Amino acid sequence: MSDCCSTDTIELPAESLTPRVAGKIRTVALVGPPNSGKSTLFNRLTGLRQKVANYPGVTVEQHFGKLSGIGRSDLVLIDLPGIYSLDSYSEDARVAVDVLHGNMPGSPVPDAVLLVLDSLHLRRQLMLAAPILALNLPTLVLLNMSDLMETRGGEVDSLALAQELGVPVAKISGSRGTGLDSITHFLNRKSEPTLPSANRLELPVVGNARSYRQWATGISTRTKYKAPLSSEWTQKLDRVLLNRIAGPILFLAVVISVFQVVFSIGQPLSDGLGSVLNAVGDKVGTLLGTGWLESLLIDGIWKGVASVLVFLPQILLLFLFIGVLEDSGYLARAALIADRMMRSIGLNGKAFIPLLSAYACAVPAIMATRTIENKRDRFATILVTPFMTCSARLPIYILIISAFIPNKPILGDFFGMKAAVMLSLYLLGFLAALVTARLLKSSILKTSTAPFILELPQYRLPTLRSLGLRVVDRGKVFLKQAGTIILCVTVVLWILSHIPFHSDLPGSVVGHVGQWIEPVIRPLGFNWKIGIGLLSSIVAREVIVGTLGTLYGADPATQSLNLQAALRHDLTLGGALALVVFFAFAMQCTSTMAIVKRETNSWKWPALQFVYMTGLAYIAALATNQIVTHFVR
Amino acid sequence: MKALSELNIGAMAVVESLDLPEEVGHHLMHMGFTPDARVVVLRRAPAGDPTVYAIDGFEIALRRDTARAIRVRLAEEGTR
């Protein structure tokens, strides 16, 4: 889906891009180790909604916001990817370090730093304080999750810590929003020009991890830091979820139940929404009377847009599920379980995280590959990510499955035929990704194995608020897409299917184009209307459903039928299955190609991807149609 | 001295040195694998590899190849 990862952007004040002025604060950077809660705090302080989740490396690029959450909208806050040190080991860390050093084009140079440390693990997190304090910027140290630390029996003398570090220290909770007034105080005070403090503290030798650690250990001892008890829950859950036998079985059970839920709960919701939308269309149509206006508004636009809108419930359910996986901390475990399999194709378990999040959308998933340290591994992952079944494929999958596959039970009522076909399509995409990665890693992107280093976060119960926000944001993106791209495509299609005037559908411009390309797609079992759908869906996959809605709505033979019935009327089983197989493989998403170009810095890779994926889609769809037509009856 | 990869589940050890390429070694050290750090072998992934280690209150998963390059000495119980 095109702008899956679009976020609110702000206009940067022009003066914030000019060099630093001593003693004046215009830009503040949020710095901290991965998964220490920077983005949660950022959202709190700016009122924006950057993505947050419970695994290290969620934020992979810098984000800007105005500090309006604490009444300082004159200041710009920069959220940075998490770092362990100022050595930049991976692409996301490089972004953070470049912004901090003022080497990132288009990003203002930070004048002050909010150093966010997870107080549950202060001893190690303090190691980052050494290189950050050595930058010599006004700094406030924020001990995040301090509420949790105290309830679990941990403690630290924050006054002593402030003395040791020579900068103010505050205990806060980003998720609850407590202690944030310390940030206001810090910014108000530091906005006044101050004399550089004649300092002051003994920092360890720059760049030496061992001396950082000794320094951090010394400080935590002197500030009476007592680490809280680690969460019993994490240990107990991991004993089951990472168990040799139960672990993989549970993983599969979770996946299977998702598909079942999409059908058993999503389908009735979607059908209900569909009948409401149709009823509204008919009512308005009767009011308008017959004529070209009714034809444009109802048969053209309404049928096209509504045929996509009905999939909203299923897509939101899928996002809810992915949200639970990401927020709970299970995603990192999935990467751990998958490492062995990923190694056999030449990648490592870390590549599994972007692949899983590509079930929602490939665009943020491709961004997420920045956490993969090895460049060739990262490119291979970027190239195979669009094979993963993103939510934009759901509408056409569900449409075809609902129209052509009977709902026979397979594993009792729990798992039916429709869910099984859906699961097979997901597996098909996943296998294509694995095989392609293997090909790439044994040819043009060959490397020696890169190490696998993954930090496992503690499990957390996803909050209703966070899940709710994801679903609402997703719903908005989907509605916006239906109201813009799909609306435009249907209007253009309606016009092209009605000129020249007084022509019937096959005699229109669309009809001519369709019949011109039909010989190419006939062997796949597709008719010319499907062909027009394939052309329009190069923009974005879900557009095909809107296109088919408009075309079948404009055809007198199928006008009175709903889209499922119209497709059954017009397509063989072989052609229908070939269509979903085509969608499983083809690269039909301009946003994905644009992001691949941006991340690989060359048109070569998206071009290769497009040719390879579309070629594979054609061959696979051809094979599917021929096999089904000859062997299944 | 032993390699970290040779330890059994539940064993506790102290890191002695890292015999890894500089970039990887540095990264691991900043994640907590510095000399004198105490590490506990927590559990293995279902496939038997990678293994999860606890260090400084964090859980970090490493493959056997990487753990083999980390030299440790066994820590006596109770010196914690």
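Treat the numbers as computed from the prediction; the structure is a model and nothing was measured. Here is how names work: the chains are called A, B, and so on, in the same order as the sequence lines, proteins then strands, and each is numbered from 1.
- Considering every non-hydrogen atom in both A:Arg210 and B:Met29, the closest pair reads N-CE, 4.2 Å.
- There is no contact between A:Ser90 and chain B, counting heavy-atom distances below 4.5 Å.
- With respect to chain B, the highest number of heavy-atom pairs below 4.5 Å among A:Ala332, A:Ser85, A:Ala93 belongs to A:Ser85.
- Ranking A:Glu373, A:Arg239, A:Gln458 against chain B, the residue ahead of the rest is A:Arg239, based on heavy-atom pairs under 4.5 Å.
- Between A:Ala209 and B:Thr34, the shortest heavy-atom contact is O-CG2, 3.9 Å.
- At least one side-chain heavy atom of A:Gln235 sits under 4.5 Å from a side-chain heavy atom of B:Leu42.
- Using a cut-off of 4.0 Å between Lys/Arg side-chain N and Asp/Glu carboxylate O, B:Asp36 and A:Arg213 are scored as not salt-bridged.
- Note: A:Leu86 CG to B:His30 NE2 = 8.5 Å, rounded to the nearest 0.5 Å.
- Chain B forms the most heavy-atom pairs under 4.5 Å with one residue out of A:Met341, A:Arg333, A:Arg343, and that residue is A:Arg343.
- Heavy atoms closer than 4.5 Å to chain B are found in the backbone of A:Asn243, but not in its side chain.
- Atom CZ of B:Arg63 is separated from atom CZ of A:Phe452 by 7.0 Å, given to the nearest 0.5 angstrom.
- When side chains are defined from C-beta on, A:Leu336 counts as touching B:Pro50, because their heavy atoms get closer than 4.5 Å.
- Between B:His26 and A:Tyr89, a ring centre-to-centre spacing not shorter than 6.0 Å is recorded.
- Here the side chain of A:Arg340 pairs a donor or acceptor atom with the backbone of B:Ala47 at under 3.5 angstrom.
- If you measure heavy-atom distances from A:Gln125 to chain B, the contacts under 4.5 Å come from the side chain alone.
- B:Asp49 CG to A:Asp339 CG: the interatomic distance, rounded to the nearest 0.5 Å, is 7.0 Å.
- Note: B:Val24 leads B:Val24, B:Thr66, B:Asp65 in heavy-atom pairs under 4.5 Å with chain A.
- The environment of A:Arg222 atom CZ is dense: over 12 non-hydrogen atoms of other residues, nucleotides or ligands sit within 6.0 angstrom.
- Heavy atoms of B:Arg43 lying under 4.5 Å from chain A belong exclusively to its side chain.
- Both the backbone and the side chain of B:Ala37 have a heavy atom closer than 4.5 Å to some heavy atom of chain A.
- Listed by first and then second residue, the ring pair (Phe, Tyr, Trp, His ring centres under 6.0 Å) pairs involving residues 35-66 of chain B are A:His121-B:Phe58 (not counting sequence neighbours).
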Can you give me every donor-acceptor pair (side chain of residues 1-17 of chain B, partner residue at least two apart or in another chain, under 3.5 Å) with its distance?
residue : atom : partner : partner atom : Å
B:Glu6  : OE2  : B:Ala3  : N            : 3.2
B:Glu16 : OE2  : B:Arg73 : NH1          : 2.3

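- Across every non-hydrogen atom of A:Arg124 and B:Asp56, the tightest pair is CB-OD2, 3.7 Å.
- Neither the backbone nor the side chain of B:Ile55 comes within contact range of chain A, judged by heavy atoms closer than 4.5 Å.
- The contact between B:Leu28 and chain A is made entirely by side chain atoms (from C-beta outward), counting heavy-atom distances below 4.5 Å.
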